[in-house]
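So the structure is just underneath, and the comments pick up after that.
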Amino acid sequence: MVEDGIFLKSLDLFKEAFPGRINQILKSKEEGKKIIGTLCLYVPDELIYACGADRVILCGGRSATIAAAEEYLPRNLCPLIKSSFGSVIDQKCSKTKSCPHFGLVDLIVAEATCDGKKKMYELMDKYIPTYVMDLPQKPENQNAQEYYIKELESLKDVLEKLTGNKITDAQLRNEIKSANETRKLLHAIYELRKIDSPPIRGTEMLKVLQQMHFLSPGEFRKNLVLLLDELKLKKRENSGPRIMISGCPMAAGNMKVPEIIENRGGLIVAEESCTGTRAFWDLVDEKKEPMKAIAERYLKIPCACMYPNERRINQILKLAGDFNVDGVVYYTLQFCHGYNVEKYRVGEALKKSGIPLLSIETDYSGADTEQIKTRVDAFLEMLE
Amino acid sequence: MISIGIDAGAATTKAVVLRDNEIAGYTIIPTGFDFRKAGEKAFEEVLSNCGISESKVGTILATGYGRNSIGFADKTISEITAHARGVGYLIPAAHTIIDIGGQDSKVISTENGKVVDFLMNDRCAAGTGKFLEYTAKALEISLDELGTLALVSKNPANISSMCTVFAESEVISLRAQKTKKEDIAAGLIESIILRTTAMVKKLGIKPEVAFVGGVAKNPGVVKAFEKALDIAVLLPEEPQITGALGAALLV
Ligand code: SF4
Ligand code: SF4
């Protein structure tokens with residue numbers, strides 16, 4: 001990708017948000033607010049905020065905390081799980097102290113997605129109280145929604161008990177409205193990435209999305225408004241083969257592959273991931289009964305833990321077309337079986353549509369950087 | 001016009017001189033510790049081999065694992081693109097390229113010398129030249145001997161470890177069980193063939209199939225490949241230089 005040297009000032013708001021946000025959480029706590037930790041998109045923010053709690057994401061993207069986690073967890077486990085767990089258990093270690101928010105969490109609201117996470121939650125509970133909500137594994141089943149709503153009701157009880165506040169329909173509707181605003185802003189920004197010379201690069205966008213569940217929704221939204229304004233004003237010359245990333249989440253701290261892609265000349269125009277479209281794509285229907293509308297929306301998230309997941313393949317093909325993608329980089333974390341196994345069917349579908357695919361399976365270490373560079377170079381050369 | 005392609009591989013550095021689109025000469029030297037030094041040495045050597053002075057050289061293109069260390073190159077290109085081009089020049093009928101080098105192995109699907117798809121093995125030595133090198137050591141024979149020895153085996157041993165380190169200990173325990181040397185050698189070769197054919201099949205075989213890289217010089221491996229893929233594989237006269245040649249052609 002060719003850079004034009006024009007900087008987006010509003011991006012600093014996301015980059016520099018960390019210390020401010022920690023102070024904010026500290027203050028919330030002093031005011032008696034409860035802090036909820038989450039690790040997955042299937043846990044609706046709306047419920048947490050409707051009962052007056054605050055929320056931070058605990059997904060780990062850094063390798064520094066992995067060694068500590070491996071004292072408890074097997075080596076051949078997804079690095080995201082190990083990194084997250086490592087941050088929890090290693091609060092006192094100087095290397096991991098940069099995640100002080102873990103120590104401020106009152107309750108982790110976890111979810112039954114992949115096996116590795118589920119089992120890790122059993123261990124995590126020893127350090128921070130952890131509540132695991134169940135998810136229907138076949139979300140397209142007739143009774144799936146009903147079941148998920150029941151789980152949401154139970155979560156509601158848990159949150160109400162923890163905070164001492166009641167979640168009313170009016171509050172829920174308010175939160176839904178605000179969350180939809182955020183989703184619409186992200187759609188507007190992604191719309192700009194469809195054009196020939198998008199005003200924002202993939203590595204820049206990823207850093208924004210990595211903050212989505214770390215910042216408070218209000219602050220995140222405020223920053224997005226500023227970013228969108230700036231993007232509309234500034235014309236930037238970003239070019240290179242148009243790449244879409246698809247696959248596992250890239251939690252904050254994990255920038256390896258997108259950075260290689262853009263440093264080597266590619267231009268990331270979309271990311272089908274939980275630090276991408278899956279985080280904001282569908283809106284919650286504001287006309288429907290709130291719990292039902294929330295359930296409807298969240299069950300649409302096309303995570304590879306679910307079966308069947310044809311919807312994800314369809315979404316990838318649609319995005320590839322809409323964003324005028326030249327090639328897809330299928331990104332997976334080692335030992336993430338869901339996304340690694342689903343790769344085959346995604347690859348078949350892309351092949352049929354004539355869209356080239358490069359698959360990269362990696363972890364948080366830098367050991368394979370050179371190998372990845374070679375593949376990315378060859379892929380970009382092939383697309384040119 | 002004179003151009004030079006340098007393939008800075010993990011085990012060997014190759015340089016090819018191209019004069020008016022014809023190969024004027026080449027060299028293959030061990031890389032050693034320093035990619036840059038090896039690149040410089042290969043460059044000087046190939047020029048003196050061909051009796052060409054440095055001032056006559058037009059463009060220099062570097063490829064291979066250490067390509068970014070070759071500071072005097074005008075441009076770099078990935079070895080996948082380079083091999084496709086080099087093989088396309090030498091064996092125009094080839095549409096599938098298998099390259100097993102010291103550090104990695106790859107399978108490339110091509111159309112008119114251009115890459116249309118490729119697969120590379122993952123991050124470890126399994127299925128590469130290194131695998132054979134280490135395990136040959138455990139048999140106390142040279143790499144060349146491994147290939148010729150394997151040819152006489154009637155009953156290849158079953159080596160189940162993909163990992164080089166584990167395979168090495170497996171070889172030692174097979175020796176302790178008095179398994180014949182040639183059977184172990186053949187088993188080792190079958191093990192890397194198994195890995196690579198899985199990649200070839202994943203990508204799809206489009207004839208003709210060309211086999212390049214250092215391991216292609218091993219007759220035992222070539223024979224085993226033909227058997228596993230059920231197709232004759234084509235070898236360039238010098239299978240190690242296709243990357244450097246491709247780079248020289250791509251300037
Ligand atoms: S990939 Fe699946 S399990 Fe992971 S955060 Fe996304 S929805 Fe949750
Ligand atoms: S990336 Fe895969 S294995 Fe890791 S936590 Fe998410 S779903 Fe589980």
Side-chain angles (χ1 to χ4, degrees), chain A residues 63 75-76 79 240-241 256-257 259-261 263-266 326-336 340-341 343-384, chain B residues 7-10 35 61-69 75-86 88 97 99 101-128 130 163 198-199 201-204 243 246-247 249-250:
Chain A
S63 62
R75 290 201 60 182
N76 52 353
K256 181 166 74 178
V257 170
E259 268 173 0
I260 292 177
I261 293 172
N263 286 340
R264 307 304 284 188
D326 295 316
V328 171
V329 172
Y330 196 94
Y331 172 87
T332 50
L333 292 170
Q334 269 175 358
F335 314 113
C336 171
N340 276 316
V341 175
K343 172 161 62 188
Y344 186 84
R345 298 190 63 230
V346 172
E348 291 282 285
L350 286 171
K351 203 181 235 173
K352 247 196 217 143
S353 311
I355 302 162
L357 168 93
L358 172 71
S359 75
I360 295 178
E361 182 184 344
T362 184
D363 59 11
Y364 289 176
S365 78
D368 56 357
T369 307
E370 288 305 316
Q371 280 98 323
I372 294 175
K373 273 186 198 161
T374 298
R375 284 177 215 213
V376 167
D377 280 355
F379 191 60
L380 296 174
E381 285 159 9
M382 187 178 112
L383 297 179
E384 260 161 12
Chain B
D7 181 355
F35 283 116
L61 217 132
T63 185
Y65 190 72
R67 65 193 176 284
N68 295 314
S69 312
K75 231 177 99 184
T76 65
I77 192 107
S78 78
E79 55 264 42
I80 292 156
T81 307
H83 278 300
R85 187 72 181 84
I97 302 168
D99 167 38
Q103 165 96 10
D104 55 31
S105 57
K106 27 192 166 319
V107 181
I108 311 166
S109 176
T110 65
E111 211 73 74
N112 302 324
K114 288 217 168 87
V115 182
V116 289
D117 205 354
F118 66 92
L119 286 173
M120 242 172 121
N121 92 328
D122 284 309
R123 64 191 317 187
C124 75
T128 72
K130 269 273 170 290
C163 166
M199 283 210 294
K201 285 184 179 154
K202 209 167 176 184
L203 205 64
L249 285 161
L250 281 160

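Naming convention: chains lettered A, B, ... in sequence-line order (proteins, then strands); numbering from 1 in each chain. No hydrogens, no waters, no symmetry mates; every other heavy atom, side chains included, goes into these values.
The line from OG1 of B/T76 to NZ of A/K373 is 10.5 Å long, rounded to the nearest 0.5 Å. Here the CE-CD1 distance, from A/M382 to B/I108, works out to 11.0 Å after rounding to the nearest 0.5 Å.
A/R264 and B/N68 get closest at one heavy-atom pair: NH2-ND2, 3.4 Å. Pairing each heavy atom of A/R375 with each of B/F118, the nearest pair is O-CZ, 3.4 Å.
With contacts defined as side-chain heavy-atom distances shorter than 4.5 Å, the pair A/T374/B/R67 qualifies. Counting heavy atoms from C-beta outward, B/I80 and A/F379 have side chains that stay 4.5 Å or more apart.
Only the backbone of A/L357 comes within less than 4.5 Å of a heavy atom of chain B; no side-chain atom from C-beta onward does. Both the backbone and the side chain of B/I77 come within contact range of chain A, judged by heavy atoms closer than 4.5 Å.
Every residue meeting the side chain to side chain contact (heavy atoms under 4.5 Å, CB included) condition with B/D99, not counting sequence neighbours, appears here in chain and number order: B/H83, B/K106, B/V212.
Residue pairs meeting the salt bridge (Lys or Arg N to Asp or Glu O under 4.0 Å) criterion with at least one member in residues 109-121 of chain B, sequence neighbours excluded, are B/E111-B/K206.
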